[in-house]
Asker: 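Structure incoming, see below.
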Protein chains: 2
Amino acid sequence: MLPTEEKLDPRVKRTRALILQSFESLIAEKGFETISVQDVTDKAQVNRATFYAHFSDKYALLDYSISQKFMQEIEKRMLNTCHYTHDNLRNLILAVCDFLFHLHSDCAQPHQQFESLVEGTIKKQIFNLLSHWLEQTQPKVPTEIPATVATWAIYGLASLYSHSKKRPALDQFVDDALPLVAVNLEQFT
Amino acid sequence: MLPTEEKLDPRVKRTRALILQSFESLIAEKGFETISVQDVTDKAQVNRATFYAHFSDKYALLDYSISQKFMQEIEKRMLNTCHYTHDNLRNLILAVCDFLFHLHSDCAQPHQQFESLVEGTIKKQIFNLLSHWLEQTQPKVPTEIPATVATWAIYGLASLYSHSKKRPALDQFVDDALPLVAVNLEQFT
DNA sequence: TGTTCTAAGCAACAGATGTTGCATAGCTTA
DNA sequence: TAAGCTATGCAACATCTGTTGCTTAGAACA
């Protein structure tokens, strides 16, 4: 993970922004698997060696890009500055469904490799968020197990939603999904 | 997916076996991410071009290897030739936990990319198995949603189990985990 | 056995990867 | 403004990738 500090050399900010921007537009255009680091740096007008000064490879770049976008989504909904409630959980599920849905429509031909990597990245953040929520309400109790189960359940449901052909209304879907997740968590709150 | 037919040219059988054998021993030795196709073919004493006649890249090889090993595990426990029962579900969870646990101890430095790919591969098989079970008992009802949720829950629990530092006894763990999964499925059976 | 079919070996290819040492541009601070 | 620091550019590298055209070995079958 890269430091997201404020005080960064403007050259660094500029380079990262150019790389990210180029990457995201290429993802939309050609899909992740067919992009080369060369492609990214060409489009970003940045030297290839410079790329490797920032990211170890294109997988690290994907991780960073997805992390960052998902974190923005969470912050936009102010889910990072709250605690566990039934309603906040509902909003979290909504956020994940929404995010995955838009990700899939924004990316050309998302194949298994791409989806697997995205999944790992996002699950980490969901898990951190849920752990934080649970630790706030129950500081003494171990949170690993319920947080893990809930994380997987949420991501699984969101993945199902974002892949389904005949996509039901999001609100309807979340109403159906919510109890399956809540039951595991509310034993601990 | 490669055809697993019986009637194959013995040269093909031999080549695939050599590649698989070499791959699996290299995985144990160096870990997946650092292996090159070159490494695999060198050790297997097979030409690199021949490799590409069988697998599109090393990710396809991983998928094939894991699929095959997991399928053997399922067949060994005769889970592929049965229907839904509480006890068969218990055995399935046990199989997945066991498989992941041994996979992690057999592979050098399993990083996120490796684990993500394995996850995708195994979840496909769990999903097929559960769908089959559910369709047998309830041919009329759509099975996609319960099968998906159960698949994710099972894999999530197995992943948690195989990563936990202080690993509880497997039987104990499965007893705790089983009801969380069963409750979703037994609404439909 | 001999003929046919096809898998495997081989060599070479263009392109991508990840890394290096060095030069230069640009940021920061005094 | 000048000095020092560091991110970027550049060129070259060894290596790996995925592919091709051709040759050779071995399986299948009449």
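Protein chains get the first letters and strands the later ones, always in sequence-line order, with residue 1 at the start of each.
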Asker: Nucleotides 6-10 of chain D: which of its N/O atoms have a protein N/O under 3.5 Å away?
Answerer:
{"residue": "D:dT6", "atom": "O2", "partner": "A:Arg11", "partner atom": "NH1", "Å": "3.2"}
{"residue": "D:dA7", "atom": "O4'", "partner": "A:Arg11", "partner atom": "NH1", "Å": "3.4"}
{"residue": "D:dT8", "atom": "OP1", "partner": "A:Arg11", "partner atom": "O", "Å": "2.9"}
{"residue": "D:dT8", "atom": "OP1", "partner": "A:Thr15", "partner atom": "OG1", "Å": "2.2"}
{"residue": "D:dT8", "atom": "OP2", "partner": "A:His54", "partner atom": "NE2", "Å": "2.7"}
{"residue": "D:dG9", "atom": "OP2", "partner": "A:Asn47", "partner atom": "N", "Å": "2.7"}
{"residue": "D:dG9", "atom": "OP2", "partner": "A:Thr50", "partner atom": "OG1", "Å": "2.9"}

Asker: For A:Phe32 and A:Phe114, take the angle between the two ring planes, folded into 0 to 90°, and tell me which bin it lands in: parallel under 30, tilted 30 to 60, perpendicular over 60.
Answerer: tilted
Asker: For the atom pair CG (B:Leu157) and CH2 (A:Trp152), what is the distance rounded to the nearest 0.5 Å?
Answerer: 9.5 Å
Asker: On a heavy-atom basis, which atom in B:Leu79 and which in B:Leu92 lie closest, and how many Å separate them?
Answerer: CD1-CA, 3.8 Å
Asker: If the cut-off is 4.0 Å, is B:Tyr52 near the phosphate of D:dG18, judged by side-chain N/O to OP1 or OP2?
Answerer: yes
Asker: Checking side chain to side chain donor-acceptor pair (under 3.5 Å) against B:Tyr84, which of B:Gln136, B:His132, B:Glu186 comes through?
Answerer: B:Glu186
Asker: Where along residues 25-43 of chain A does a heavy atom fall under 4.0 Å from DNA chain C?
Answerer: A:Ser36, A:Val37, A:Gln38
Asker: Under 30°, 30 to 60°, or over 60°: which ring-plane class applies to A:Phe101 and A:Tyr161, parallel, tilted or perpendicular?
Answerer: perpendicular
Asker: Between D:dT17 atom P and A:Asp57 atom CG, what is the distance in whole Å?
Answerer: 14 Å
Asker: CD/B:Glu119 to CD/B:Glu115 distance, rounded to the nearest 0.5 angstrom?
Answerer: 9.0 Å
Asker: Once salt bridge (Lys or Arg N to Asp or Glu O under 4.0 Å) is applied, do any residues pair with B:Asp171, and if so which ones, sequence neighbours excluded?
Answerer: B:Arg90
Asker: Give the ring-plane orientation class for A:His163 versus A:His104, where under 30° counts as parallel, over 60° as perpendicular and anything between as tilted.
Answerer: tilted
